[in-house]
Structures are given as structure tokens and as C-alpha cells.
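Numbers restart at 1 for each chain; the letters A, B, ... are given by sequence-line order, proteins then strands.
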Amino acid sequence: MEKIKFVKVIINHKSNQTDRAYTYKIPEKLIGKIHIASRIIIPFGKGNRTIEGFVVDIVDHIDIDYEKVKYVKSMVEESDILSEELIDLCRWMKEKYLCKFIDAIQCVIPTGISLKSKKRIVLNKNFKEKELSSYRLSEKQGKIIKLLLDRSHVTEDFLKKYLQDSNINAVIKSLEDKNMIVVKNALKSDVNTAFEKKIRLLDKEDIRILINKVNKNAKKQREVLAYLLEHKEVLWGDIKEKMNVSLSTIQTLSDKGFVEMIEVEKRRDPYKNMDVLSTEALALTKEQTFTIQQIIPYIDKNTYKPFLIHGVTGSGKTEVYMQLIHYLFNQSKEAIVLVPEIALTSQMIERFKGRFGNNVAVLHSKLSLGERYDEWNRIKNGEVKIAVGARSAVFAPFKNLGMIIIDEEHEHTYKSDYSPKYHAIDVAKFRCIQNNGVLILGSATPSIESYQKSLNGEYHKIEMRSRFNNNSLPGMEIIDMRKELEKGNKSIFSACLHEGIMNNLKKGEQTILFLNRRGHSTFISCRKCGYVVKCPNCEISLTYHAASFDAVCHYCGYTKKPPKICPACESKYIKYFGVGTEKIEVMTKKYFPQAKVARLDLDTTSKKGEMDRTLDQFKKGKIDILIGTQMIAKGLDFPNVTLVGVIAADTNLNLPDFRANEKTFQLITQVAGRAGRGEILGNVVVQTYGPDHFVIDCAKDHDYKYFYQQEIMLRKEFFYPPYARLINILFTAENEAQLIKETHNFANMLRGKLLECKMNLREVLHGPHPAPLSKIKEKYRWQIIIKSNPVDQNTIKGIINDIRFDNRGNHFSKDINISIDIDPYSML
DNA sequence: AGCACGCCGACT
DNA sequence: GTCGGCGTGCTC
């Protein structure tokens, strides 16, 4: 007799209490079919409701009561969406980020694919309409029955919308108890494979003879046959458009046995309308060749090897990436290319599609569920060899992964905001080790952590110092805005920047103005009593948007008209302070009425395609001055831009954030890189109130190394990463008093256990205290920050987990949400 | 998540 | 004395 085997299953419930592997028996019919990573359906709970689960292990014996163990019900039709490699990755993520196993799985599989139980409600066959009056029904019950008398069924989701109530379980149950309705449960995913019709010629006999068999009057049928003669098979959508035929024509031909209609899987292609310029490999500079030569041996060797390419903007990193990938192809291995965000993605995608055509799949959040799913499937099925995308593309399910490239590796977008708060570099490293792949991090301004690793040998460092056309880096001018004020210039433009813009307008060259704050005025305040207009849901000040005359909360979107009279002291001296991009736009139009001005920030790009439209206009020279936030700092490559103005370089410099210097240096360097990418030398004007700060100084001289030396000393002195490792535990709740109590409770337990481990409390534990954003969307936020020696972090993670789950009789209220961020990007 | 169990207030 | 409210605890 064959040994009965058991599977360990992670079930698809996002509850802390079900975050463990459940054991199931494998029914005979599934033995040999189920393997690790299979997606299966299992009965769960008292009513044996069916839910989705993922096999994480297969074992021979178990240590729980055999009778208690249930059988696996079936396998999901699309069962192999995960692989053993990815399950291992999830297990690692669970440990590393202290998240639930299922959260890690959700992160790795495409959104929308997981099965949700959807209730379908129909009338009970035994229920007679004429007896309706004999039931005493509540208003809601009556509404549901009335609805069901009109239609065959309703779904739970529909009912929720119809009754405008998300809590409808009770009312459904009550009708079920009265035997009036029947509830059917079905597991469904939000995203499905799309199909389309394909028409194919059945070549039984010579087609020319066939055509003559068709009635001469049936002109359309003959046309279709003639077309098919040439093309053999054709998609219904295509032929419909081209020849204006109706489905009945095809149906007739099919009935006659001339053609057949088959359903084929359809790939929704998000870029089908993109006309890409196909490119050939460019001739390489010496430096590029040298870079590639250093990496290729490791591709050949088939071992894990991480590289940091420190290359100035315009040094031609992308061409290096593409040629490396081309080399990888010869080894029939696949590559993932990560880019920070969507603004950058489109230029990168264009270049990759241009070079590699249909071998590229694209993954990012702006795609629809269906599009993303299909792109993911193209990767899964080996139809493509390259995945280009944002953070989550690091999970691309390639079978033979050879390389992961992370461009602009210092970008904060590689760190996830949602649980698990993973960092794409960590995940990429893990995947490359698993697959013996090459990891390539590229940046002009590497993160302090990465650069340190490249100095201590953990990463192989490669430098690219010269710009592609041998252009020099743009000249930087630092303007002390305090001196401007002394000279009587109260405008937001220094004399120097003003003159530069004027000159550019005369010469017909373009200008970019950068400010990292959107809106018109960043806060509204009473000059008499100091009252500041704040969001009632979030503890932050509202930003004034002049276009709509609204005061808007940038965290929750709360909007109201700004007060004309101070609500606190009833004075009329309400003033608008702080400058945002919207105000810059207004001022620019005022000072340079002859210029064509456009603005790019979150407010102007919320409409789909708006961003590409503006950038296209800019590219065509229809815009003289482009104003924007972060999103114009990165990647844009316009040769006619010869002047970049940084309106206020130090907005972030004085924030209580250990990464403030790093962020500022990176931002100035990046924005500066937008200037002088063409034939003409570029110029950058940086306005600041603190021109002596070493960050400004280093940025001016394009001196990353000196910046690094200064900054790493500060990190050491104040015990910050990479010398320390951070953990941020964020507690949120609506009830502030309870939140504070529970947070302190947690901190006390933590303190006790840390003492047991002989940790230096003063150094390690910070807080609890209100989070820098102490209230967002009606929820109060408190946090505990743990700063430790890198070697101690695992111990501390263990302690946190113990407190979270092992505290029987001392548990934390369900009303309090605990979110753990391991190695947070910043403390803000 | 969702379902059963169990303990308190409003009603027949 | 019972119906039903939802707080609590468990699901292989």
C-alpha cells in the first residue's frame, strides 16, 4: 500500500490567527498531481466552506489526530501560478519582514487572481409568490425578495450596492432560514483569461473549388474565403474590421464545413498602439565596453554576483543593460529590469521594446487587472524573456532567471508601502542567489547603504564617469536667497534665474523649474493668532489650490473652502504661506507673459495620458518652461533643455530625517541632470537659504564621493543605517486613549525582553511617541522605533513576534492595527 | 474571513 | 422564560 501523504497548506485568509500551515490528506485521485506550490481548494471550518490554499510542503506523517485531518477537495484549474522557488521566497519574506505567509504570497501572485468566495442568491424553488403576503418581512428582506422576483439571481456584491450596506450577512441568513432563498457559494477570481474567436480554413479540398461551390450571390462569403486562402487563419476582430462582415456570414461558412471557428486565448496588450522605433545595438564607448566585460564572466560562470554601477547621468547605463541582456539571451536566460516609477517606465519601455520587440513584458500599477494578468502570463509561459516594470516586477515568474537589473537603485519607490514592506533590492538579491543570477544596481547617486557595500567588497563596484557624447556636466550656480532678499528682491526668482529664463526664451531653448511641493500655498494661517487651517481627519495643514479655490489635504484628499475669517480669533488676517508648484506657475506666467508654460505634478497628471501629452508637447518644443515636482526630476531626456532652476533646494534639508541629506543630494543631482543633454552645454541655478550646507556644496561640484564621506561619518556618529538597523512599529487606531495605552503596553513588554537580552535600552528603544503624521484619515498613529546593531536585528524581530502572538491572556485589542516596517526607508 | 458558542438585555 | 444582540475563539 502506498503511504498516504499529507500537504501543509497556507490558506487564503488575511487573519493573524490563520497564519499557519494546515494539514490535509491528499485524495487518491490527486496523488502525484499535487506538488509544492500547487493552488488547491480545501474545506475549512465547521461548515466546511471551501477556500483557496497554497501547498507549502508535502509530508509523510503528522503529529495531530488523523481523524481530524480533512481531504483536499480539488486543485484550482490554474493551479501552478507559483513555483517552489517562489514559495521559498515567500517563506523568506515572512521571516524577514514579519508578515503573514499569505501576505507574502499575495505579493508574489498577480493581483486579482486569488479566489474569493462570491455568494449567488436565488429564490427557493418551493417559495410561491402568492404566499408572499403570509411572510412578515422587514424592509430589507422585502427589497431582496422583490428583486429576486424580477431576475434569476443576484450576487452578494450587487446586493451590497443595491442596499447601500456592506453588512448584509444577517439579512441573507434570515431569508435562508425562512426557506425563501438559496445561497450558492462559488469561488471566483477578479481577473480571467480573455478569449477571442479565430476563424480557420478547413482545407479538405482545393479551396478554389470550394469558392465556386459558394453561391455567386454570396459575395461576402466569397470575399472571406478569398481572404482566408491567403492568410489561412484570421482573428474575428480583425476580419470584422477589415471586411465589414457579420458573424452570420462566418456562421454560414462554418455550417457548410468550409471554415471552423475556435476560441483562442487572447492577450490584452497594453502597448499595442505604441509605435516603437526599432533600434540596433549602439557602438559602445570604452567605458561601456569595460563595464560589460567585467560582468559577462559572471554570467558565464553561472554564479550569484552583485554589481553596483555608479554612473553619472548620461553615461549610457541603459545601453549597457540592453547589451548585457542580449548576451544573456544566448544563454537562454531571462532578465528582470526594474525602474522606479511609471514616469520613467514609459521611456525605458520604449527603448526596450524598440530593441527587443515582443520579447518584453511590462508590469506596473497603471495597467488594468486584465492587462497585468496577461503580461504576467506571457512571462509565466515563456513567451517573453524580459520583464520591465516597477517594484513588483521583481516577482516576475521566470523559470530561468539570469539577471535582475535595478535602475536608479537609490529610489525610495523600491521599498513597498504596504505589508509586507519589502525592499525590491532585498528580494532581488534573494532571487539572484536562488537562481545563480547576476544582480546589477545602477545609479548616479547610490544610496549610502549600497555605496558602502560597494566599498567593503560586498558589491563589485564599476564606475562610469564620462557622459555619452562627452558632454560636460552642467554648470551649477548656487544662489543665496537671503542675499536676494537683502538686495530687495522679494520674488521667488533670483536675479540670476530670472535672467537665465529670459535668455533661454530669446534663444528658443527650454527651461525646467523644479519644486518638490505641489499646490499653491502650503499652509493657510491667521497672522494675528497663528491659527493654521488643518485637516479634521489628519493632523496636517491643508494646502491651498488656487485653480479650484480649495484647501486640500494631501493625505486623505479632504477638501474645503479656506476660511475668510479666522475661526479662532475672528480676525480677517488670513494669509497664505509657503510656495507650491501651482504658485510657481502663476508667478512664471506673470513674470514671463510671452512664454508658454506647463506644469507637471500629481494634480495635473491624475487624468490618464495627461502626463504623456504634456511631455510630448514639451518634446516638440511647444512648451518653453516646464514646472514640476519629483516626477520631472527623473529620467526625462530632452536635448533642448539648457536651463534647470531649483526653486528651493533646502525644503527637505532640515527635516528630522536621517536620510534628509541623501535625499536632497540625490534630488539636486537628478534635476541638474535634465540640463544640457543635447549639443549645448546646460546650466543649473540652485536657489537656497543655506548655501553653506555640505550637501549643496557637494551637489554643486558633482562630487558624490565627498558627499558620501561626509554623510557616512554623520551616520556613524548618530548611529543610523548602515551602522544601525531600524525597525518601525506603527500602531494605528481610532480611539486615541486606547491606542496610547496599548502602545505603552507593547513598549513595556519590549523593554522587559530587550533587557533580558542585555540590550542597551537607551540606544535601542525610541518611543512610544506619536508618529510624525500623528493622525491620518481619522486614525491616530503612534510608533516605536528600534535602532540596533545589525547583528542584533534578528533577535529583536524574534522578540517582537513573541509579543505579537505569544501573549495569551495579555493580548492586544483587535481595534489596534500594528504595522511593522523592517529597515524603513526613512523615519518620516 | 466566517461561523458557532455563550453570556446579557428586551420582549412575550 | 426565550429571542437575539454581538464579544470571543477556533478552524487541519
Side-chain angles (χ1 to χ4, degrees), chain A residues 4-27 30-31 34 36 38-76 99-106 112-121 135-141 155-157 159-160 165-178 182-190 419 733-735 738 742 804-817:
Chain A
I4 297 172
K5 288 206 174 183
F6 305 88
V7 281
K8 296 281 187 183
V9 184
I10 298 295
I11 62 165
N12 193 357
H13 267 180
K14 44 181 177 180
S15 153
N16 277 330
Q17 288 143 73
T18 51
D19 179 32
R20 55 202 163 101
Y22 289 88
T23 311
Y24 283 85
K25 297 172 197 165
I26 306 178
L30 292 180
I31 290 176
I34 287 190
I36 291 178
S38 287
R39 184 159 67 134
I40 57 176
I41 308 274
I42 41 172
F44 190 70
K46 297 255 162 65
N48 283 334
R49 286 165 301 111
T50 51
I51 51 164
E52 177 187 35
F54 296 88
V55 176
V56 293
D57 208 358
I58 295 185
V59 293
D60 287 327
H61 26 69
I62 50 174
D63 44 16
I64 52 171
D65 182 10
Y66 179 86
E67 293 308 316
K68 215 177 153 189
V69 179
K70 298 174 183 174
Y71 277 101
V72 171
K73 185 159 179 266
S74 60
M75 293 178 77
V76 180
C99 66
K100 281 163 255 168
F101 208 131
I102 194 65
D103 284 338
I105 292 176
Q106 293 287 6
I113 200 175
S114 73
L115 300 177
K116 291 176 194 151
S117 114
K118 307 251 171 169
K119 280 186 184 141
R120 219 178 110 114
I121 297 147
Y135 292 94
R136 257 192 275 154
L137 296 182
S138 71
E139 188 196 349
K140 268 185 190 167
Q141 291 172 328
T155 63
E156 189 184 15
D157 289 345
L159 263 189
K160 280 181 187 170
D165 189 353
S166 58
N167 221 340
I168 57 171
N169 275 344
V171 66
I172 292 176
K173 187 109 206 311
S174 66
L175 287 171
E176 204 180 3
D177 289 346
K178 288 181 198 287
V182 176
V183 180
K184 290 177 183 170
N185 237 321
L187 288 173
K188 277 197 174 154
S189 62
D190 289 338
S419 179
E734 281 181 30
N735 182 333
Q738 193 191 9
E742 301 260 17
R804 241 198 333 172
F805 300 122
D806 226 34
N807 52 345
R808 285 171 235 285
N810 207 352
H811 22 182
F812 293 92
S813 159
K814 273 183 191 159
D815 304 335
I816 297 199
N817 189 292

Tell me every residue that passes side-chain hydrogen bond (donor to acceptor under 3.5 Å, both in side chains) with [X], counting only those two or more places apart in sequence or in another chain.
X: A:Lys73; answer: none
X: A:Asp190; answer: A:Lys116, A:Lys118
X: A:Glu734; answer: none

Atom pairs, protein N/O to nucleotides 10-12 of chain C N/O, distance under 3.5 Å:
from	atom 1	to	atom 2	distance (Å)
C:dC10	N4	A:Gln17	OE1	3.2
C:dT11	O3'	A:Gly45	N	3.4
C:dC12	OP2	A:Lys70	NZ	2.2
C:dC12	O3'	A:Thr23	O	2.8
C:dC12	O3'	A:Lys70	N	2.7
C:dC12	O2	A:Thr23	N	2.8
C:dC12	O2	A:Thr23	OG1	3.2
C:dC12	N4	A:Arg20	NH1	3.1

Next item on the list: May I have the distance from A:Ile10 (atom CD1) to B:dA1 (atom C1'), rounded to whole angstrom?
Entry: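 Spelled out: CD1 on A:Ile10 to C1' on B:dA1 is 16 Å.
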
Side chains of residues 44-53 of chain A: which donor-acceptor partners sit under 3.5 Å, not counting sequence neighbours?
from	atom 1	to	atom 2	distance (Å)
A:Asn48	OD1	A:Lys70	NZ	2.4
A:Glu52	OE1	A:Asn12	ND2	2.6
A:Glu52	OE1	A:Leu115	N	2.9
A:Glu52	OE2	A:Arg39	NH1	2.6
A:Glu52	OE2	A:Leu115	N	3.3

Notebook entry, point to check: side chain to side chain contact (heavy atoms under 4.5 Å, CB included) with A:Ser15: which residues, sequence neighbours excluded?
Noted result: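 Partners of A:Ser15 under the side chain to side chain contact (heavy atoms under 4.5 Å, CB included) test: A:Gln17, A:Thr18.
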
